[in-house]
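The block underneath contains the structure these notes are about, expressed in structure tokens.
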Amino acid sequence: MTIEFDAIDYAQQLEAAGVPRNQADVHAKALTGVVREVVSESDLLQTKNDLQRDLRHTEDRLTSRIDVAQTELSTKVETFRAEFNTKIDLLDAKTEGIRTDLGTKIELLDGKIDKSRTELEGKIDGFKVGLESKIDGFKVELDAKIDRLGATQDSIKNELGQHRWAFALFFSMLGSIFIKTFWP
């Protein structure tokens, strides 16, 4: 709502009060420009009411959008949580399967290791017995050879002892012959 202003009437009132006509016309024109710019209190109240209504409408729309977005996000979060939990459960099941399978394989491997150890210990014991038998055989042979060598050595010592006497006798006779021959 605008304010009604009669510029001609205002100029006439100024003229009647003793203001020269030119000045009264200038004052009336200036005041007309100012009055056009002035907003009435009812205009301000109407504008305020319009703005409050628009603000409430905007607030309602934003609240509605926020509620829809919140519902959508909650649904998406719950869907993600359910999918995530399902995947974790699958991963747990696979991990447990692998753990069980690994435990079985370890038990089988332990059994194979124990069997191999037993077989190796048996082979080592067999090899040890065979080796000890061969060593004992070599020992008997060596003892026999050592005994034969000892007997041979004793025989050689006896022969050397006999030959020593014979050489000693021979050299003593040779010495006496030499002395008799070269020193009469």
Side-chain angles (χ1 to χ4, degrees), residues 1-5 30-164:
M1 182 171 171
T2 58
I3 298 173
E4 293 291 326
F5 177 70
L31 193 55
T32 301
V34 169
V35 169
R36 282 186 196 151
E37 297 293 324
V38 173
V39 178
S40 71
E41 191 175 319
S42 64
D43 287 342
L44 288 175
L45 186 59
Q46 181 63 40
T47 302
K48 176 184 173 189
N49 290 338
D50 290 345
L51 286 173
Q52 285 177 340
R53 186 190 69 239
D54 289 347
L55 186 60
R56 277 192 302 272
H57 180 68
T58 302
E59 183 179 339
D60 290 343
R61 280 190 349 217
L62 286 175
T63 302
S64 174
R65 282 184 165 178
I66 288 171
D67 290 343
V68 168
Q70 186 176 13
T71 302
E72 287 176 357
L73 282 175
S74 294
T75 302
K76 287 181 180 181
V77 166
E78 287 305 316
T79 302
F80 175 77
R81 182 177 288 138
E83 289 174 359
F84 186 72
N85 287 336
T86 301
K87 288 179 181 180
I88 286 177
D89 291 342
L90 287 173
L91 187 60
D92 286 344
K94 284 182 180 180
T95 303
E96 189 58 36
I98 290 170
R99 185 177 289 130
T100 302
D101 189 42
L102 188 60
T104 303
K105 288 181 180 179
I106 288 173
E107 287 175 13
L108 289 172
L109 187 59
D110 284 345
K112 287 181 179 181
I113 288 172
D114 289 343
K115 182 180 175 186
S116 295
R117 181 180 293 130
T118 303
E119 288 175 0
L120 281 174
E121 286 173 353
K123 287 180 181 181
I124 289 171
D125 289 344
F127 181 72
K128 185 178 176 183
V129 168
L131 192 58
E132 286 174 353
S133 173
K134 285 183 181 181
I135 289 172
D136 289 342
F138 285 134
K139 189 175 179 183
V140 168
E141 285 179 30
L142 283 174
D143 286 344
K145 286 182 181 180
I146 289 171
D147 289 343
R148 282 195 308 263
L149 283 174
T152 304
Q153 184 181 11
D154 289 344
S155 153
I156 291 172
K157 279 183 184 178
N158 287 335
E159 283 182 35
L160 276 176
Q162 290 172 5
H163 291 296
R164 256 192 232 145

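Not measured: the values here are computed from a predicted model. Note: hydrogens, waters and symmetry copies are ignored here, and every other heavy atom, side chains too, is used.
Side chain of T152 to backbone of R148: a donor-acceptor contact under 3.5 angstrom is found.
Considering CG of D125 and CG of L120, their distance stands at 10.5 Å, rounded to 0.5 Å. Going from atom NZ of K123 over to atom CZ of F127 covers 12.5 Å, rounded to the nearest 0.5 Å. Separation of atoms CG (N49) and CG (D54) is listed at 11.0 Å; rounding is to 0.5 Å. Interatomic distance, CG of L91 versus OG1 of T86, reported as 12.5 Å (0.5 Å rounding). A distance of 12.0 Å separates OG1 in T71 from NZ in K76, rounded to the nearest 0.5 Å. In this structure, NZ on K105 lies 14.5 Å from CG on D110, to the nearest 0.5 angstrom.
Classification of D114 and R117 as a salt-bridged pair holds, one side-chain N sitting under 4.0 Å from a carboxylate O. For the pair E96 and R99, the salt-bridge criterion is met [side-chain N within less than 4.0 Å of a carboxylate O]. Using a 4.0 Å cut-off between a side-chain N of Lys or Arg and a carboxylate O of Asp or Glu, D136 and K139 do not qualify as a salt bridge.
Residues E83 and T79 meet the side-chain proximity criterion, which asks for heavy atoms closer than 4.5 Å. A 4.5 Å side-chain heavy-atom check between R61 and H57 finds at least one atom pair inside the cut-off.
Remark: E121 pairs with no residue by the salt bridge (charged side-chain N to carboxylate O under 4.0 Å, His left out) rule, at least two apart or across chains.
Across every non-hydrogen atom of R53 and D50, the tightest pair is NH1-OD1, 3.2 Å.
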